Amino acid sequence: MKASQFLISTLKEAPADAEVASHRLMMRAGLIKKLGAGIYNYMPMGLRVIRKVENIVREEMNRAGAMELVMPVVQPAELWQETGRFGKMGPELLRIQDRHERDYVIQPTSEEVVTDIARQEIRSYKQLPKNFYQIQTKFRDERRPRFGLMRGREFVMKDAYSFDRDQASAKASYQVMAQAYRAIFDRFGLTYRAVAADSGAIGGDLSEEFQVIAATGEDAIVYCPGSDYAANMEKAEALAPAGPRPAPANALTKVPTPGKATCADVAQLLGVPLATTVKSLVLATDQLDDAGQVVKSQVWLLLLRGDHDLNEVKANKVPGLDTGFRFATVAEIDAHFGCKPGYLGPLGLKQPLKIVADREVVVLADWICGANEPDFHITGVNWGRDLPEPDLVADLRNVVEGDASPDGKGALAIERGIEVGHVFYLGTKYSKAMNATFLDEGGKPQFLEMGCYGIGITRLPAAAIEQNHDERGIVWPDAIAPFTLVLCPIAMDRNADVKAAAEKLYAELLAAGIDVILDDRGERPGVMFAEWELIGVPHRLVMSDRGLKEGTFEYQHRRDAAATKVNAAEAFAFLRERLGR
Ligand code: ATP
Ligand code: MG
């Protein structure tokens with residue numbers, strides 16, 4: 001490609017709404033153009049990156065035995081009604097109507113459609129296993145589209161779906177995909193981690209996220225530097241503390257804490273560690289009748305140490321809370337505690353409720369909680385002596401840096417990541433809802449076992465930039481750079497020797513299959529260099545009249561501090577070696 005034929009449209013300034021480096025740099029380098037909130041044009045320079053991402057994904061999916069197909073962006077609502085998702089999914093699902101007022105959705109994912117294909121095509125166990133994938137546009141009406149392609153509303157995803165005859169075979173298919181994902185993310189040249197993720201109601205441990213490590217990532221990921229343990233924050237287990245509960249030492253004392261409604265304020269006022277305070281979270285569960293009316297509600301008190309945060313996914317697993325909970329209303333809180341939030345505690349309740357203590361709270365002695373009276377707390381609280389043991393003890397909190405690793409191999413560390421892929425065992429959730437069966441050896445119909453596997457094709461370049469940029473611009477890994485190499489001949493438009501040398505080398509490189517762009521625009525060197533550094537092409541060769549006279553060109557990798565002189569006669573071989581071609 002020659003720069004004069006291509007669209008190079010860099011910007012001096014990023015738009016004001018671009019908060020993170022990848023968004024700013026993608027806009028400034030002219031990779032994308034905003035069309036609406038969370039909706040972007042993929043400009044020629046940006047599309048080259050996206051195509052390279054797609055090709056790597058496609059090659060590895062094919063190698064892993066998956067078959068590519070394409071399912072429509074616009075999908076009839078009927079299939080989505082079969083699984084109930086047409087009604088149940090929130091406003092993220094874009095619903096539209098055609099001229100006959102028939103309902104459709106714009107696909108946010110494609111479990112329904114692929115399951116419909118499978119139930120028509122797969123009749124016998126002899127046809128299994130099968131894995132279908134597509135690289136297709138998705139639409140999710142995200143509440144907060146932001147960070148450019150990182151969280152768009154329209155984006156491109158690779159989504160694959162495996163179909164198997166039984167659980168064992170489905171788990172094997174899952175492992176094949178998890179392995180293919182490692183091959184894919186290795187090829188991108190990014191630092192990433194595969195982390196265990198919550199597999200929801202299905203159970204088992206078959207859910208992993210692939211996270212590109214970056215300080216601006218939206219997800220907290222937990223890992224053990226001394227082992228291969230890694231999980232996302234939702235999933236990472238906080239082990240029960242080792243030691244027994246100490247004996248009570250202090251008497252129960254009501255202390256004034258005027259205006260101190262948080263654990264942190266109370267600890268500061270009393271001059272005690274935050275870890276000796278306990279916070280009270282009040283939840284409620286509803287029992288519904290057949291018509292969906294609430295017949296009975298149960299109020300729950302969750303106790304966590306003041307320095308810990310509630311993990312809602314873990315709370316969702318507590319027996320009794322696992323069918324869904326909500327935060328209690330002000331009226332419910334008043335009826336049980338006789339007090340407004342801020343000064344709540346488990347002592348002297350007006351009505352009984354269910355108490356669930358975090359594993360760390362149940363081993364505390366002499367702790368502090370609200371007195372159920374505005375502007376007062378109680379110190380010296382002890383289980384058994386001042387209140388009965390809790391109804392339940394559970395892991396309710398997010399882990400923190402330094403907690404013991406669940407595998408017993410050291411202390412946990414936390415870093416941030418960007419979720420670029422997800423592999424997930426689905427079981428028979430969709431096949432049961434849509435009656436997708438096959439006939440087993442005995443001729444009996446069985447539900448198909450499924451898995452689903454996503455990669456954020458358009459999120460990936462954004463994640464790559466978050467991890468690889470400097471003050472001058474993007475630094476692409478070779479595998480997904482819009483061009484791998486740029487030739488920058490100085491004054492090419494005016495100097496016949498430079499022009500001839502540049503054209504010759506350019507032709508040789510093209511013939512060798514190297515993804516090279518020749519900047520034949522005759523721009524001033526400073527402008528030209530700054531532009532390619534912003535765009536982030538990893539390899540650059542500068543050719544000048546002075547260099548030609550002494551028989552050298554100047555090579556510089558985007559990460560190098562200075563250029564290296566290369567013998568002009570050996571430049572082709574040198575570049576091939578550098579580019580691994
Ligand atoms: P997130 O938690 O980031 O919203 P998700 O759990 O909704 O992601 P999946 O439904 O598993 O994501 O989709 C598969 C992949 O698609 C994700 O791993 C991510 O890389 C990508 N993806 C999801 N939502 C978006 C979005 N709004 N914009 C760009 N890529 C997205
Ligand atoms: Mg999402």
Side-chain angles (χ1 to χ4, degrees), residues 20 22-23 26 31-32 34-40 42 46 49-50 53-54 56-57 61 85 89-94 105-112 114 133-162 174 177-178 180-181 184-185 188 190 192-200 202 206-214 216-221 232-235 312-313 416-426 429-430 450-467 480:
V20 295
S22 59
H23 187 191
M26 284 185 114
L31 304 183
I32 55 172
K34 184 171 177 176
L35 190 62
I39 303 176
Y40 292 86
Y42 307 136
V49 176
I50 292 169
V53 172
E54 287 177 358
I56 289 175
V57 170
M61 291 303 291
R85 287 211 288 186
M89 261 181 112
E92 262 197 27
L93 181 65
L94 184 61
V105 309
I106 306 288
Q107 66 156 310
T109 168
S110 270
E111 282 83 2
E112 280 79 359
V114 80
Y133 79 96
Q134 64 175 344
I135 296 176
Q136 175 65 303
T137 298
K138 300 285 182 289
F139 194 94
R140 293 182 184 180
D141 203 351
E142 299 273 357
R143 183 206 303 269
R144 265 192 86 191
R146 57 184 183 153
F147 304 160
L149 297 194
M150 196 84 86
R151 184 167 296 284
R153 292 199 297 165
E154 183 176 304
F155 59 98
V156 178
M157 192 202 287
K158 185 284 297 176
D159 41 329
Y161 306 88
S162 62
Y174 171 95
M177 279 295 108
Y181 271 44
I184 290 168
F185 290 108
F188 290 141
L190 302 175
Y192 71 94
R193 249 180 228 288
V195 307
D198 185 61
S199 50
I202 296 158
L206 295 181
S207 172
E208 282 158 278
E209 289 168 358
F210 288 75
Q211 297 269 358
V212 166
I213 309 305
T216 46
E218 286 186 298
D219 297 348
I221 56 186
N232 67 13
M233 185 54 87
E234 291 176 347
K235 168 91 177 169
E312 285 194 33
V313 170
R416 304 210 62 89
I418 300 165
E419 183 196 320
V420 287
H422 194 176
V423 291
F424 198 96
Y425 165 64
L426 283 170
K429 179 174 168 190
Y430 291 93
M450 292 173 60
C452 66
Y453 316 93
I455 291 181
I457 298 284
T458 44
R459 179 180 286 183
L460 193 105
I465 296 172
E466 285 302 323
Q467 200 174 73
I480 55 173

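Everything numeric here is computed off the predicted structure, so don't read it as measured data. Numbering of ligands and ligand atoms starts at 1, following listing order.
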Asker: Fit a plane to each ring of Phe185 and Phe210, take the angle between them on a 0 to 90° scale, and name the class: parallel (under 30°), tilted (30 to 60°) or perpendicular (over 60°).
Answerer: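 Taking Phe210 first and then Phe185, their aromatic rings lie parallel (interplane angle under 30°).
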Asker: Can you list every protein residue that has a heavy atom under 4.0 Å from any atom of ligand 1, sorted by chain and residue number?
Answerer: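 Correct list: Arg140, Glu142, Leu149, Met150, Arg151, Gly152, Phe155, Met157, Glu419, Val420, Gly421, His422, Gly456, Arg459.
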Asker: When rounded to the nearest 0.5 angstrom, what distance separates CD1 in Ile465 from CD1 in Ile418?
Answerer: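 Result: 10.0 Å between the selected atoms.
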Asker: How far does CD1 of Ile457 sit from OG1 of Thr137, to the nearest 0.5 angstrom?
Answerer: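 Reported to 0.5 Å precision, the distance equals 11.0 Å.
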Asker: Are the charged groups of Glu92 and Arg153 less than 4.0 angstrom apart, N to O?
Answerer: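 No.
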Asker: With sequence neighbours excluded, what pairs up with Ala160 under the side-chain contact (heavy atoms from CB on, under 4.5 Å) test?
Answerer: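 So Ala160 forms a side-chain contact (heavy atoms from CB on, under 4.5 Å) with Met61, Asn131, Tyr133, Lys158, Tyr453.
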Asker: I need the Lys34 NZ to Ile39 CD1 distance, nearest 0.5 Å.
Answerer: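 Between Lys34 NZ and Ile39 CD1, I get 10.0 Å after rounding to 0.5 Å.
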